[in-house]
There are 2 protein chains.
Amino acid sequence: MDAITRLGYRPNLVARSLRLGRDNTLGIAVTSITDPFFAEVVSAIEETARGHGFSAIISCTGESDGAEETIVSGLLNRQVAGMIVVPTGADQSYLARKYAGVPVVCVDRPPVGIECDTVLVDNEGGAFLGTNWLVLHGHRRIAFVGGPKDKFTIDRRRLGYSRALREAGIALDPELLADVAILPAEVSAVIPSLLALSEPITAIFTSNSKASLGAIDALHRLGRTDVAMVGFDDFPTAASLVPPITVVSQDPFHIGREAVELLLHRIAGEHETPGRMLLPTNLVVRGSGELRPSQGKARVSQTSTKHKSDLVV
Amino acid sequence: MDAITRLGYRPNLVARSLRLGRDNTLGIAVTSITDPFFAEVVSAIEETARGHGFSAIISCTGESDGAEETIVSGLLNRQVAGMIVVPTGADQSYLARKYAGVPVVCVDRPPVGIECDTVLVDNEGGAFLGTNWLVLHGHRRIAFVGGPKDKFTIDRRRLGYSRALREAGIALDPELLADVAILPAEVSAVIPSLLALSEPITAIFTSNSKASLGAIDALHRLGRTDVAMVGFDDFPTAASLVPPITVVSQDPFHIGREAVELLLHRIAGEHETPGRMLLPTNLVVRGSGELRPSQGKARVSQTSTKHKSDLVV
DNA sequence: TTGTAGGCGTTATCAT
DNA sequence: ATGATAACGCCTACAA
């Protein structure tokens, strides 16, 4: 101990890792750390991992198909003990082909071409909850806004939306599906036409937080505070907007924590068949989702939407 | 090449790193990845590093003093080629004592006890810009909201605030310095009393985005859209609030990129004396900062604050 | 208890 | 050109 300080000895973790053939490092491949949802997930992963003596190497894959395999392979070549992946590529079978034996947990979307533990939220149920909430408040012309189509989560959410309409006996109108957009600006652009239909929408269900921001921006530009709205995913200022935005929220921290625990179990040698964990969503009632269909273009006065503490259903 | 695929050979980066005595990995120690500002910085770091063939190990130190040395030491024991650190501890001299030779770049705040390349933004100038903007719009009772006191950035921003008042011949009123808060909720709690002073405030300058969210929430609860506000740091829904929030913005992507470039130069063997890079801020004019002092409690009607495209000064 | 040899996978060096 | 060898720092195992 004396010598340690005197000579300034520091253990070389690289050498240890080579000798031991294992490394207390988890590889994390996530689409974008800038998205507040994934930022929370990654934060939870990093924190939980550190609590177990692991550190996390984080890389961003973007949404482009090409990057995932390169990035994940790079992490695996670093001899990480396990990987947490948000799948973006069309196919994750390279993991089984080239890196069999290294435990992988998928998050947010299920893997294609392989079997592994997966942490998902109940996208379909959450979207049903949110859409149904609008239905319960008298809406029958409800737009589904935000895409793109091919993403797993959006697909599931569209299913929940459709089921809510179906169960309410409302015919699905393809004109109300604005699922081509991905950037807030594109979402913004699509809202005016939905409001200008011969039978205009009275409510909007947005399929993720980017879509919510776009829709909010569009409504704001139009000066419309009378359009009901429920968004999938919470975001920081949701409670301070006019009206405050009712959202279906997932718990990103929970997701990250579960992913790490599952992964550590596998690393410890658990050999059960891979499972899927489906985490619940909550409806956070704030105001925008409780607006009734407006007659014409009446505007809800600002003071009528009083602030109340968030009410979680 | 044939054998590589046939045998499924993958290079072992750990062994390579041991043999070469270096590792194409950068260690990143940041306070919180959840903060949208740092999320962007980290994202820029990761992207830039990857573009140069480096990967990034990211760890969060929180704001607590204790964690920094443990976390940074852990990364350095991993033989990272260099470190990017957001200093949180009282003192970074352990870096020189125990890890001399490994290049370090500090970001957002300057190090204490050592000399190293540092990337800062012009906090004082930005706060001056924002406060002066309020002064130019006729305000003389301007609160400075958000803390805590001991943080470097907040200190500099308070200096800019003070200078703007001083140059305008406005006496600094300690009652208007609400720099004790750190969480949005605490900020929220302090706003009503500032508005209830015998000489109430007519404008708010918030010292970071958390403070902005708190102030916005408080104003929203009070139904006050007549209080002018400029915030330090941009945030996603700033343009969609009522009124849209004028902010002093820094460029987190730029910060991250510069930090990596400086670090890579050091890693490549640059031996000049450490320097400080001071990045500029922009005033993003949106509406809330251009409100004139209200007479009594008149409320600005919502439709009077029209949306306009962001105007950057 | 204390000491020493061997090998993890790679690369650099030296010999063929 | 191709091949053998040593060494990076650590941990384990076995010997003294």
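Below, read A as the first sequence line, B as the second, and so on, with proteins coming before strands; counting in each chain starts at 1.
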Could you state the atom-to-atom distance from [atom1] of [X] to [atom2] of [N] in whole Å?
{"X": "B:L18", "N": "D:dC11", "atom1": "CG", "atom2": "C1'", "answer": "13 Å"}
{"X": "A:N12", "N": "C:dT10", "atom1": "CG", "atom2": "P", "answer": "17 Å"}
{"X": "A:I4", "N": "D:dC10", "atom1": "CD1", "atom2": "P", "answer": "11 Å"}
{"X": "A:Q79", "N": "D:dG9", "atom1": "CD", "atom2": "P", "answer": "19 Å"}
{"X": "A:D23", "N": "D:dC11", "atom1": "CG", "atom2": "P", "answer": "13 Å"}
{"X": "B:R16", "N": "C:dT10", "atom1": "CZ", "atom2": "P", "answer": "8 Å"}

Inset, instruction - May I ask you to say what B:L20 touches in the nucleic acid, namely base, sugar-phosphate or nothing, with a heavy-atom cut-off under 4.0 Å? - result: sugar-phosphate

Inset, instruction - For A:R22, answer base if it contacts any base atom (sugar-phosphate contacts may also be present), sugar-phosphate if it contacts only those atoms, and nothing otherwise; contact means non-hydrogen atoms under 4.0 Å. - result: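 If one applies the 4.0 Å heavy-atom cut-off, A:R22 turns out to touch nothing in the nucleic acid.
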
Inset, instruction - For the pair A:D251 and A:R257, find out whether any cationic side-chain nitrogen is under 4.0 Å from an anionic carboxylate oxygen. - result: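 Looking at A:D251 and A:R257, the cut-off is not met.
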
Inset, instruction - Assess B:R109 against B:F152: is NZ or CZ under 6.0 Å from the centre of the six-membered ring, and within 45 degrees of the ring's axis? - result: no

Legend entry - Quiz item: A:R19 side-chain donor-acceptor pair to D:dC11 base, under 3.5 Å: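 Yes, a donor-acceptor pair under 3.5 Å.
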
Legend entry - Side-chain donor-acceptor contact under 3.5 Å, A:N77 with B:R10: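 Per modelled atom types, A:N77 and B:R10 side chains form no pair under 3.5 Å.
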
Inset, instruction - Please name the residue in the list A:S32, A:P252, A:S209 that meets the side-chain contact (heavy atoms from CB on, under 4.5 Å) test with A:F37. - result: A:P252

